[in-house]
Each structure stands twice: as C-alpha cells, then as structure tokens.
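Letters go in sequence order (proteins before strands), and every chain restarts at 1. It should be emphasised that the depicted structure is a prediction, and the values quoted were computed from it without experimental measurement.
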Amino acid sequence: MNKLSLGRYVPGDSILHQLDPRAKLVSGFYFIIVLFIANNWQTYLLLWLFTLGVMRLSKVHLYTYFRGVRPLIWLILFTVVLQMLFTAGGTIYVEWGPIRISEFGLINGVYIFCRFVMIIFISTAITLTTKPIDLTDGIDSLLGPLRKLNIPVDEISLMLSISLRFIPNLLDETQRVMDAQRARGTEFGEGSLVQQMKTLVPIFLPLFTNSLNRAEELANVMEVKGYQSGIKRSSFRKLRWKTCDTITLCVMAALTIGLILLRLN
Amino acid sequence: MEGVSADYVIGPIRNSLVLQSIDLQIESGSYSAIVGHTGAGKSSLLKTINGLLLPTAGKIEVGQDIIKQKNNKQALKNIRKKVGMVFQFPEAQLFAETVEKDICFGPLNFGVPLKQAQQIAKEVMQLVGLPLHLLNKSPHSLSGGQKRRVAIAGILAMEPEILVLDEPGAGLDPKGKNEIMRLIKSLHQERNLTTILVTHDMDDVVHYADKIIVMENGRIVRNGDLRSVFSDRLAIKKWHLDLPEAYQFQLEIEERTGMELPQICFTVDELADALMEVGLA
C-alpha cells in the first residue's frame with residue numbers, strides 16, 4: 001500500500017523544495033504544453049535533459065520516480081502500441097497480416113512514451129517537493145481571479161486539501177482492513193479474476209462506510225468550529241514570491257525558446 | 001491443542017527495527033497480557049503470530065506450523081485458522097449485509113460448508129451474549145458494543161485455538177469494556193483458548209491475565225507472572241507503565257501508615273482482605 005509515490009511529499013531542503021508552489025504549478029502545466037512543440041530527436045533530447053535536471057535538483061532518489069511510473073506503465077505501453085500500429089509512413093519494418101509497423105509508427109511510439117514518462121516525472125517532482133497544503137494554497141492563489149466569475153475557489157481548494165490530507169489515512173486504513181480480512185482467511189491476488197474481485201468487497205465496504213462516517217464527523221467539527229462557506233477566511237500561511245521563482249519562470253521561457261529553435265532547424 | 005511455542009528472532013523490518021530478536025514462548029491454555037509504551041511493537045508482535053507480518057529473520061512456531069521468511073500458503077492458512085485475531089476497533093472490518101453473513105465469512109473462507117457455518121454463527125452469537133434475532137440485522141444498525149461483539153463472534157466462528165486481541169476494550173464505555181473483558185476471560189476458561197491480550201490498562205492485566213509480557217522498543221524486556229513483574233517498581237517506572245489502581249492505593253496506605261502489607265494486592269477485594277489481616281480495617 002505504500003507503493004504510491006505520486007502525491008507523496010518527501011521532506012527536504014533542495015532548491016525545488018524552496019520554490020513557491022505557484023511557480024512550480026505554473027511551470028509544471030507549462031511543461032506539459034511545451035512538450036507538444038517537440039517533434040524531433042534534438043527537441044526530445046533537450047526535454048530529457050531538462051527533466052533529468054529537475055529530478056536531480058529535487059535530491060530525491062531516482063528510484064522513487066520510477067516507482068511513480070510503474071502503476072501507469074501498462075496504460076502507457078497500450079497507447080504506445082496503438083500509436084505504433086496505426087501510424088503509417090516511411091519504411092515498413094514488420095508486416096504480418098493486418099499488423100504493420102512502420103518507421104514513423106515506431107518513432108511516434110517512442111515519442112509518445114517519452115512524453116508520458118516525462119509528464120509523470122515532472123509532476124512527481126512537483127508533488128514530492130511540495131507539501132500538499134502548499135500545493136492547495138498555490139492552487140487557491142492561482143485560481144483567485146476566477147472568484148470574479150462566481151466560482152467557489154475557496155471551497156474547491158478546501159475540498160482539495162481535505163482529500164489530499166486524508167490519502168495517507170485511507171491508505172493506512174486499507175492496510176488495516178486488509179489485515180483484518182486476511183486474518184479471517186481471505187487470500188488476495190489468488191484465484192480467478194472473479195474470485196479476486198469478490199475478495200475486494202470485504203475491503204471496500206468497510207472503507208466506504210468508515211469514510212462516510214468520517215466525512216460526517218469532519219463536517220460536524222468544521223461547523224462547530226465556525227466554518228461557513230462563502231465567507232472570506234484569512235490564511236495562516238502566506239505564500240511569498242522570491243527571486244528564485246522568477247528565475248524558474250525564466251528557465252521555462254528559455255526552454256521554450258530552445259525548443260522552438262531546435263524545431264526550426 | 002498443540003503447545004504453542006513461538007520463537008522469534010526478527011531482524012530489520014523495512015526502515016526501522018519494529019521487533020528485534022524476540023524470543024518468546026507462550027504456553028497453550030495460558031492467558032498472557034502484552035503491555036508496553038506506544039510504539040513498543042506490541043501490535044507488530046501480534047501480527048507476526050498470525051503471519052500478517054512476516055519475520056525478516058527467525059521463525060514462529062504455532063503448534064506444528066512454522067512461519068518463516070518464506071512460507072507455503074497452506075501453513076499460513078493453517079496458522080490463520082488456528083490463531084483468531086481481534087484487531088483494534090474490530091467493528092471496522094464488518095462489511096456484510098447481515099450479521100450472520102459477516103460471522104460466516106471467516107468459516108467459509110476456511111472451507112466450512114454453509115449450513116455448518118450458519119450453525120456455528122448461532123453458537124457464537126450465544127457465546128458472545130447477543131440475542132439470535134440480531135442475526136438477520138445489518139451490522140451497521142447495531143450499537144458500538146454490539147458491533148464489537150459481532151466482530152469478536154466473527155473471529156470465534158473460525159474456531160481458533162488461540163485468541164489474540166489488540167485492545168479489545170478501546171473506545172467502549174466502562175460497562176461495555178468490562179463486559180467484553182469478562183467475556184474474553186470466560187471464553188478463555190470454558191474453551192481453554194490460549195489468550196494473548198494487548199492492553200494499556202494495568203487493571204485489565206491484573207484482573208484477567210496470568211502472565212505479563214513487557215515490551216519496549218521492539219524487545220521483550222520482561223516476561224513473567226504478575227506479582228514478580230509488578231513488585232519491581234523501579235522497572236515499571238522505567239517502562240512508563242502504570243500500576244493497578246488497587247496497588248497504587250495500597251502503596252499510598254503503606255506510606256501514610258508506615259505499615260507494610262504482606263503481599264501486593266491487585267484488586268480491591270485483595271486489598272480489603274490484606275488490610276483486615278494486618279488490622280487496619
């Protein structure tokens with residue numbers, strides 16, 4: 001149950017840890033957009049260098065990043081295979097009945113794979129180095145302008161922070177319930193698919209009921225403590241924009257220029 | 001029942017040494033209490049007895065079955081059948097639509113036919129002192145104490161030879177807690193269940209258990225009968241343990257009167273007798 005690395009914070013004092021969450025969020029989203037500029041091996045090389053550089057800066061062990069990819073690897077491979085099979089053009093390497101792997105297909109597959117992995121690496125780097133609470137503060141601050149459109153930004157960010165807050169609890173609880181049911185003779189990961197699905201019922205039902213109970217308790221506690229939606233709240237932590245955050249944005253701009261130059265070549 | 005000898009030598013588990021080279025023997029038919037400060041490794045020790053936490057070194061013997069680092073599934077299953085484990089807040093594991101189905105869940109997993117499991121469910125309901133008409137109710141409609149009884153019944157339905165309980169009284173009102181503790185004691189006596197209890201409450205220990213096992217930082221620092229352990233007051237203090245209420249009171253009396261009672265009293269009745277003996281009451 002402790003295998004989920006996406007969305008886990010690793011305390012540290014690296015440069016990435018010190019950045020303003022807003023800078024990290026903006027850069028992260030921007031990176032995903034910029035990815036689509038890349039179309040040849042030089043641009044991908046540059047992106048890889050950037051990604052690996054960021055991973056290095058986070059001072060988190062590389063193994064943690066690979067674990068982040070692992071749960072999604074089948075989804076990624078599935079997409080890659082689809083790309084490979086349905087992109088035509090260039091030399092054809094394999095032709096076997098309706099299956100045909102072409103040069104372009106292969107290249108496209110590799111590119112797609114790189115894109116996925118880089119997106120995961122970068123977003124993992126952000127969540128690993130940012131406290132969930134800072135992350136939601138950042139989102140709250142970034143979504144601020146939407147308040148003018150009557151969008152309940154505060155409520156959205158509160159919901160986010162509550163759900164992030166309870167992920168570890170839920171994982172612990174899952175472990176506990178699994179232990180309890182294993183002690184009653186359930187074997188997980190055994191038998192046919194249907195049997196395996198059946199063993200999940202005794203886990204999910206207690207988890208759901210417990211979560212619902214807890215949600216109700218939490219709602220009561222919040223109400224008792226005077227929480228009301230739609231009212232302006234002051235915040236305990238203030239986000240401060242520093243020079244290194246501006247530098248980060250400059251690095252992103254430089255990355256974009258580099259990519260455009262390499263693409264035009 | 002086979003003699004339960006559990007020898008553990010457990011090395012590092014993940015990043016921290018949860019249990020360190022533990023050697024322990026628990027005799028069949030005994031009632032032992034495991035005490036210790038938070039994080040001493042009590043719950044981990046319980047989990048190893050049931051094979052939920054596998055030892056990184058050493059082995060655990062339960063009757064004829066042995067748990068090691070690598071196990072065949074059958075041995076684990078045998079052990080889990082033999083060792084009934086009641087977790088902290090066991091009502092959190094209830095899931096079925098009816099009490100009966102929930103109680104039958106364990107036996108069915110161990111291959112007991114449905115008819116027989118339903119028969120067992122009736123028996124254990126009586127055993128834990130719940131009326132039979134609750135069998136067809138949803139476990140979530142019951143009160144806290146009743147839910148806990150149902151959860152314990154679900155474990156008893158597996159007909160274990162060893163009952164392992166992690167703070168069975170936690171979160172219940174004093175009356176409910178006493179009832180549960182008395183229930184466990186009577187099960188221990190009537191069914192000759194080897195009972196292992198984890199608790200923080202020293203009064204529970206002295207009222208119900210025969211043996212006490214003190215844990216600290218993943219080690220067993222003391223293992224013996226009640227009086228010998230509690231008479232070592234310096235050590236008790238060092239382990240951050242409390243004294244049973246009656247004994248605290250006894251010490252207070254001894255201090256005020258300057259008299260010494262002939263023995264350590266664990267219960268109010270014992271204390272009263274001792275006081276009469278020395279002529280203070």
Side-chain angles (χ1 to χ4, degrees), chain A residues 1-5 8-12 60-61 63-64 67 128 166-192 194-218 220-221, chain B residues 14-15 43-44 46-53 73-74 76-97 101-112 117 138-141 144 147 151-160 162-166:
Chain A
M1 264 312 119
N2 297 317
K3 283 174 190 131
L4 205 74
S5 68
R8 283 237 160 165
Y9 171 67
V10 178
V60 177
H61 202 277
Y63 178 68
T64 322
R67 276 206 321 210
L128 283 178
F166 279 104
I167 288 175
N169 287 46
L170 214 56
L171 288 178
D172 286 349
E173 204 167 307
T174 315
Q175 188 63 57
R176 258 216 316 278
V177 175
M178 273 176 79
D179 275 351
Q181 307 301 19
R182 276 201 296 167
R184 292 212 273 169
T186 324
E187 293 290 342
F188 298 110
E190 236 182 42
S192 68
V194 180
Q195 278 173 332
Q196 288 199 32
M197 305 243 278
K198 270 189 187 160
T199 61
L200 292 181
V201 176
I203 301 177
F204 280 118
L205 277 174
L207 275 182
F208 274 127
T209 47
N210 294 347
S211 302
L212 288 176
N213 285 340
R214 192 160 46 213
E216 198 170 329
E217 265 169 44
L218 188 70
N220 285 340
V221 168
Chain B
R14 278 281 172 89
N15 35 18
S43 300
S44 308
L46 289 193
K47 280 190 194 169
T48 54
I49 298 176
N50 205 343
L52 290 172
L53 186 67
K73 292 225 163 92
Q74 195 51 47
L76 272 183
K77 202 145 192 173
N78 287 344
I79 284 182
R80 287 190 187 145
K81 161 116 184 51
K82 231 184 272 181
V83 183
M85 176 122 181
V86 179
F87 280 86
Q88 249 179 59
F89 302 106
E91 55 272 24
Q93 74 194 26
L94 300 175
F95 68 94
E97 308 93 280
K101 279 190 186 163
D102 210 285
I103 294 177
C104 290
F105 178 68
L108 291 179
N109 277 331
F110 289 110
V112 175
S138 158
H140 298 289
S141 65
K147 272 192 215 170
I152 293 175
I155 303 296
L156 291 174
M158 288 156 44
E159 305 190 309
I162 305 164
L163 191 60
V164 178
L165 306 114
D166 195 349

Practice prompt. Select one option (side chain, backbone, both, neither) describing which atoms of A/Asp179 are under 4.5 Å from chain B's heavy atoms.
Written response: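 Answer is both: backbone and side chain atoms of A/Asp179 are under 4.5 Å from chain B.
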Worksheet item: For A/Thr209, is it the side chain, the backbone, both, or neither that has a heavy atom closer than 4.5 Å to a heavy atom of chain B?
Response: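 Just its side chain gets close to chain B.
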Practice prompt. Kindly indicate whether the side chain of B/Asp102, heavy atoms from C-beta on, has any atom under 4.5 Å from the side chain of A/Arg184.
Written response: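 A side-chain contact under 4.5 Å exists here.
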Worksheet item: Side chain, backbone, both or neither: which part of B/Leu52 has an atom under 4.5 Å from a heavy atom of chain A?
Response: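 Both parts, backbone and side chain.
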Worksheet entry | Best-contacting candidate, A/Val201, A/Leu207, A/Asn213, A/Leu205, against chain B by heavy atom pairs under 4.5 angstrom |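 Going by pairs under 4.5 Å, I would pick A/Leu205.
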Nearest non-hydrogen partners of [X] and [Y], listed with the distance:
{"X": "B/Ala92", "Y": "A/Val177", "answer": "O-CG2, 4.2 Å"}
{"X": "A/Pro206", "Y": "B/Phe95", "answer": "CD-CB, 3.6 Å"}
{"X": "A/Ala183", "Y": "B/Met85", "answer": "CB-CB, 4.1 Å"}

Fill in: Enclosure of B/Lys47 NZ (heavy-atom neighbours >12, cutoff 6.0 Å)
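12 or below, so no.
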Fill in: Set of residues satisfying salt bridge (charged side-chain N to carboxylate O under 4.0 Å, His left out) with respect to A/Arg176, sequence neighbours excluded
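For A/Arg176, no residue satisfies salt bridge (charged side-chain N to carboxylate O under 4.0 Å, His left out) once neighbours in sequence are set aside.
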Worksheet entry | Expected output: side-chain B/Gln93 to main-chain A/Gln181 donor-acceptor under 3.5 Å |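 A pair under 3.5 Å: no.
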